[in-house]
Amino acid sequence: KFADIKGQEDIKEHLQNAIALGKTSHAYIISGEKDAGKMMLAEAFAQTLLCQDRGKDACGNCHSCKQCQSHNHPDIRYVSHEKPISVEDIRQQINNDIVIKPYASEYKIYIMDEAEKMNKAAQNALLKTIEEPPHYAIIFLLTTNAAGFLPTILSRCVTLELKPISADIIRKELMEHHNMPDYQADVCAQFAQGNLGKAIKLASSEEFNEMKSHMTSLMRRMEKMDVFGISQAVKELEEYKPKIGDYLDLMNIWFRDVLLYKATGDERKITFQDEKMIIKRQASECSYHGLNTIIQAENTARRRIACNGNYNLAVELMLLSIKENIA
């Protein structure tokens, strides 16, 4: 139901008004990060549109709603596919099926997740249907990259782009519905950068918690680390090479805490609350110039690794810069 979706108020209002006024589009693109809630919005729209109560949100109790919730509604089609999405996928699951009228309702709804995987030929095959769809058909294209669609596809769809959800909303959701203590919810909320689905996954991820523990341990050790210790840390970070972007994001949150406390003196704004004594000490010992140098070193390491530079060298130079400026 729309009421169950956190944030995205503008998109929910747009879709609900379209249903209430009978002015739904024949094709929508919902664009946003993975796990950001694209499927939830499409399904809330479909369930509300097909609900027998005909309100601005699904009742959740009628026969149609129960079919939607169990993914068994005969007039909702989920387009399945491999990578890339082929012309044959489009023809078999949309073009050939869309000519058949709805079984149980006024509408027939198609939902294609990861629609950015359509190759050019598949998009052109879909374009013919989008240009002249039956009056009862509605197509949802869910994507992480709307820019990958042909201009002719974009011009014939209503594009709705998901916005980041506030960290406060995410934090509250994690604490109230996922039994997460406040200090852990703060880290997940900041790290997820407005993506509630990502935050929920992080809440139960042992891999993420282990990575966070390693990063905080490294920051605690950094002040007293010698050249040999730096070398050992570089070797440890080889384990995180596939997820180094996430590791660096955690480090950015750490030094954001240091900078924020240095500027405000307000420990309530610290994300890593269980490490606030270390963060407060680093804030007192590190200059603004030093913190800026550290942040630049992290960004430089990220760029070097992204360009397939020497991973160990990039990490070592970053750690040396942190060591030089943190004490």
I'd like to check [X] versus [Y] (side-chain heavy atoms, cut-off strictly below 4.5 Å). Are they in contact?
{"X": "Thr129", "Y": "Ile139", "value": "yes"}
{"X": "Leu41", "Y": "Leu162", "value": "yes"}
{"X": "Arg77", "Y": "Ile98", "value": "no"}
{"X": "Val258", "Y": "Ile294", "value": "no"}
{"X": "Met251", "Y": "Met219", "value": "yes"}
{"X": "Asp10", "Y": "Leu160", "value": "no"}
{"X": "Ile109", "Y": "Leu50", "value": "yes"}

Side chain of [X], backbone of [Y]: donor and acceptor closer than 3.5 Å?
{"X": "Thr264", "Y": "Leu260", "answer": "yes"}
{"X": "Lys323", "Y": "Met225", "answer": "yes"}
{"X": "Glu316", "Y": "Val234", "answer": "no"}
{"X": "Asp57", "Y": "Phe2", "answer": "yes"}
{"X": "Gln193", "Y": "Pro164", "answer": "no"}
{"X": "Thr216", "Y": "Ser213", "answer": "yes"}
{"X": "Asn96", "Y": "Arg91", "answer": "yes"}
{"X": "Glu161", "Y": "Gly32", "answer": "no"}
{"X": "His81", "Y": "Ile90", "answer": "no"}

Among Pro133, Pro102, Pro74, the one residue meeting side-chain contact (heavy atoms from CB on, under 4.5 Å) with Lys108: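 Exactly one candidate clears the test, Pro102.
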The single option from Ile76, Val79, Ile30 passing side-chain contact (heavy atoms from CB on, under 4.5 Å) against Phe140: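 One option only clears the test, and that one is Ile30.
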For the student: nearest non-hydrogen atoms of [X] and [Y], plus distance:
{"X": "His14", "Y": "Tyr28", "value": "NE2-CE2, 4.2 Å"}
{"X": "Ala125", "Y": "Val87", "value": "CB-CG1, 4.1 Å"}
{"X": "Arg302", "Y": "Leu248", "value": "NH2-CB, 3.3 Å"}
{"X": "His63", "Y": "Gln52", "value": "N-OE1, 3.8 Å"}
{"X": "Asn119", "Y": "Ser86", "value": "ND2-CA, 4.2 Å"}
{"X": "Lys56", "Y": "Ala20", "value": "CG-CB, 4.0 Å"}

In plain terms, say whether [X] and [Y] are close enough for a salt bridge, that is, a side-chain N and a carboxylate O under 4.0 Å apart.
{"X": "Lys128", "Y": "Glu131", "answer": "no"}
{"X": "Arg221", "Y": "Glu236", "answer": "yes"}
{"X": "Asp249", "Y": "Arg256", "answer": "no"}

Trace of the side chain to side chain contact (heavy atoms under 4.5 Å, CB included) decision for Gln93 with Asp97: CA-CA 6 Å; Gln93 298 183 62; Asp97 184 82; over 6 Å; no
Working for side chain to side chain donor-acceptor pair (under 3.5 Å), residues His73 and Gln47: CA-CA 9 Å; His73 199 291; Gln47 184 169 324; over 6 Å; no
Stepwise side chain to side chain contact (heavy atoms under 4.5 Å, CB included) check, Met318 with Arg304: CA-CA 11 Å; Met318 176 189 70; Arg304 286 170 172 164; over 6 Å; no
Lys NZ or Arg CZ of Lys262 over Tyr288 ring: under 6.0 Å, within 45°: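 Here Lys262 passes the 6.0 Å and 45° test against Tyr288.
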Within 6.0 angstrom of His71 NE2, more than 12 heavy atoms from elsewhere: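 Atom NE2 in His71 is crowded, with more than 12 foreign heavy atoms closer than 6.0 Å.
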CD/Gln232: more than 12 non-hydrogen atoms of other groups inside 6.0 Å: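 Yes - once you tally the heavy atoms of other residues, nucleotides and ligands closer than 6.0 Å, there are more than 12.
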Full working for side chain to side chain contact (heavy atoms under 4.5 Å, CB included) between Met118 and Met112: CA-CA 10 Å; Met118 281 190 292; Met112 184 194 303; 4.0 Å; yes
Steps toward side chain to side chain contact (heavy atoms under 4.5 Å, CB included) verdict (Ser321, Thr293): CA-CA 7 Å; Ser321 181; Thr293 301; 3.7 Å; yes
For a quick check under 3.5 Å, do [X] and [Y] share a side-chain donor-acceptor pair by atom type?
{"X": "Tyr136", "Y": "Asp75", "result": "no"}
{"X": "Trp254", "Y": "Gln282", "result": "yes"}
{"X": "Asn145", "Y": "Glu116", "result": "no"}
{"X": "Glu43", "Y": "Tyr78", "result": "yes"}

Whether Tyr240 and His214 hold their rings parallel, tilted or perpendicular, with breakpoints at 30° and 60°: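 Tilted.
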Contacts of type side chain to side chain donor-acceptor pair (under 3.5 Å), residue Asn312, not counting sequence neighbours: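 Partners of Asn312 by the side chain to side chain donor-acceptor pair (under 3.5 Å) criterion, ordered by chain and then number, come out as Glu238.
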Worked check of salt bridge (Lys or Arg N to Asp or Glu O under 4.0 Å) between Lys243 and Glu210: CA-CA 12 Å; Lys243 293 279 189 179; Glu210 194 280 330; over 6 Å; no
